[in-house]
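Chain identifiers are assigned alphabetically (A, B, ...) following the order of the sequence lines, protein sequences preceding nucleic acid strands; residue numbering begins at 1 within each chain.
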2 protein chains.
Amino acid sequence: MAVHKPTIHDVAAKAGVSKSLVSLALRGSDKVSAESRLAIENAAAELGYRPNAAARSLADRRSRAIGVLVLDFNNPIFAQILDGVQEVAGENGYNTLIVTGSADPVRQESELARLLEFQVEGLILIAHRLSAETITRISDERPVTIITRNDVTGANVDTISNDDQAGARIAVEYLISLGHSHIAHITGGDNQISRDREKGYRDAMHAAGLHDHIHVIVGDFTDSGGYRAANELFASYPEATAAFVANDLSALGVMAAATDSGLNVPTDFSVIGYDGMALASLRTLNLTTIQQPLVEMGRLAVAQLLARISTPNIPNVSVQVDSKLHLAGTCAPPRK
Amino acid sequence: MAVHKPTIHDVAAKAGVSKSLVSLALRGSDKVSAESRLAIENAAAELGYRPNAAARSLADRRSRAIGVLVLDFNNPIFAQILDGVQEVAGENGYNTLIVTGSADPVRQESELARLLEFQVEGLILIAHRLSAETITRISDERPVTIITRNDVTGANVDTISNDDQAGARIAVEYLISLGHSHIAHITGGDNQISRDREKGYRDAMHAAGLHDHIHVIVGDFTDSGGYRAANELFASYPEATAAFVANDLSALGVMAAATDSGLNVPTDFSVIGYDGMALASLRTLNLTTIQQPLVEMGRLAVAQLLARISTPNIPNVSVQVDSKLHLAGTCAPPRK
DNA sequence: GACACTAGTTGGAACGTTCCAAGAAGGGAA
DNA sequence: TTCCCTTCTTGGAACGTTCCAACTAGTGTC
């Protein structure tokens, strides 16, 4: 292992020029003679020189990094969003510092503090569980873009979300169009996204004159939560022929519960999810769902964040992307 | 947004002390009087002071960060490994910089360079596709721990892996114990892990006197690759009653292909995977597999890396964790 | 032969910390 | 009173960059 990490001074000495010229040359300035440039590049290569990002960020007064706080790596939809985030960040020469906060808001705050100490130029929050006050406070220091939610506003906060109520209505209307009327809903628990999806369900049921058939079971966005909720549903509302489930992960749990109860999906029981997680569209699962353009949402978020970083006072933006029905194998007309 | 970010000097001025004392106080030194400490803490809080990690890392000559290069966020097993990594890193006061390299080795190298510029104190490579020379070169600058592979060695390189050959043998022996003899193998393509798993398959078949029944189809560790390979298998070797598939993700593709071909899993055709990815143990999928202790592997990797960071010349370590058979729903005795 | 211009190059200051050697203030011992 | 010892506090140097104003050497113009 190298005893002493070479610095710009070492390169300068080796190339026989000043440190300033090395700095210039390595950043591709055109005011360096071809001869000097060559000597510098050779010296740098021979020494294995690597610029020190900390020193650069200090001298530059900018870090060229954005921070990303993700709720949880284990829900695969976040991987898809991150793909979009990394793509656009990379294209623009930004590093991405990714941190998972636990669901615990206290730990999330300390993760956030670490990102801010790194002097990130902006923050992307993916499915966070932070309070509105925290975000407002943070956004006072740094621009913030929130993905998958739009319930927090602030001068320095932009949001990228889909219209959860509209998406939920589409799901329910599709089930109705197949002939279902006993349609249950399994929620994602106590959070804004879940509330919106539930509202869409209720609205669609009302609009179709099916308010008497509204049946809601509380879930929690996990597969095991979906499994438990589905069993509850089969016990409490056996007339149900279909369920709109708050997200794909818990829809998989619902499918498992149906199978365990001897119900064939979709001939005995139809299931529709929400999100568009890549794994659920595997043929083995083939889940019908409301598909959000997840990668695109990641891209949009970075684009918006970078726009606000370069021009701080642009008006607030709240982008709503379109989610669409993804037809697959878990919905069918009800038995007669 | 604050016009000027407060620095340690601002805090010092506000608290009426020197910047040095602020530095001492905020790092919890015991040689600061209670009175000064209080004044400093109040001033820092009022100003919303945040230490600048870049400046600290420069002055300190250490970054308190480790870099993690992940092949791909979309295979959920990496999320599990990362959970272990983040846990132990966090406990030890280290930040984790996570980067996804694409499968493209050139892009992977540039991602790596970015991590090194951040002055990470060590690197964790998860399922990398880098050449042995690259890793040896890198490990000359920084300690490296490799997860899920052990085919690269070097003075400064440790590895955490499972014994892929042994795991594969367990899988095949299990199928044999159920009564199967026409057991095919679908590989993960041209890489070390895949080669080891194939060797385990061949060895187990030989040991059981089934060398005449060895049948290998090339896959690529993805679900669609598994699907394609399985269809190839059904066409070329219809006698097969079971398949050992190189990883869980492609095993899901195999299951889909079986279903599409009218084969019920497991009564008509048994499938066993490898990895232990959390989603595959969902009841809906309920995949029988060889389970690696993924979270634990992440933990071990960080522990080992930190050990080498603090004591550079300790002997090389190559930890092999035990993988075990996870019994589930996709294997059964063959039809008579 | 003086002058202006251009291309290339330079040293020093600055960025926000930590570390270090050294100073100030107060108390106790002689 | 003097001296030493603690306890607390301090300013300056250093970390590795970037930026800036200024310098040198050559080239062309009149």
Arg56(B) side chain, from C-beta outward: closest of dT10(D), dT18(C), dC15(C): dT18(C)
Interatomic distance, Leu21(A) CG vs dC19(D) P [rounded to whole Å]: 15 Å
Proximal nucleotide (of dG16(C), dT17(D), dT10(C)) relative to the Thr7(A) side chain: dT17(D)
Side-chain N,O (Arg27(B)) to OP1/OP2 (dC19(C)) below 4.0 Å: yes
Distance in angstrom units between Ile40(A) CD1 and dT9(C) C1', rounded: 10 Å
Derivation of the side chain to side chain donor-acceptor pair (under 3.5 Å) call for Thr159(B) and Ser318(B): CA-CA 5 Å; Thr159(B) 60; Ser318(B) 192; 2.7 Å; yes
His9(B), nearest nucleotide to its side chain (from dC15(D), dT17(C), dT9(C)): dT17(C)
Atom of Ile314(B), atom of Gln304(B) and distance for their closest heavy-atom approach: CD1-NE2, 4.1 Å
Sugar-phosphate, base or nothing in reach of Ser36(B), heavy atoms under 4.0 Å: sugar-phosphate
Nearest-Å distance for atom pair CG/P, residues Asp60(B) and dC15(D): 13 Å
Atom-to-atom span, CD of Gln119(B) to C1' of dC15(D) - whole angstrom: 11 Å
Touch class at under 4.0 angstrom, heavy-atom based, for Ser33(B) against every strand present: sugar-phosphate
For atom CZ of Arg50(B) and atom P of dC15(C), their distance in whole Å: 21 Å
Expected output: side-chain Asn162(B) to main-chain Gln320(B) donor-acceptor under 3.5 Å: no
Distance-only donor-acceptor test (3.5 Å): side chain Ser18(A), base dG11(C): no
Whether Asp10(B) side chain and Thr7(B) backbone form a donor-acceptor pair below 3.5 Å: yes
Residue whose closest nucleotide on DNA chain D lies nearer the 5' end, Lys31(B) versus Asn52(A): Lys31(B)
5'-most by nearest nucleotide on DNA chain D - Glu35(B) or Arg61(B): Glu35(B)
Touch class at under 4.0 angstrom, heavy-atom based, for Arg37(B) against every strand present: nothing
Touch class at under 4.0 angstrom, heavy-atom based, for Ser20(B) against every strand present: base
Closest contact, heavy atoms only, Arg299(A) versus Glu87(A): NE-OE2, 3.0 Å
Between dG11(C) (C1') and Leu24(A) (CG): distance, integer Å: 14 Å
Presence of donor-acceptor pair under 3.5 Å, side chain of Lys19(A) and base of dG12(C): yes
Leu38(A) CG to dG8(C) P, straight-line distance once rounded to whole Å: 15 Å
Nucleotide dT10(C), atom P - distance to CD1 of Ile8(A) in whole Å: 12 Å
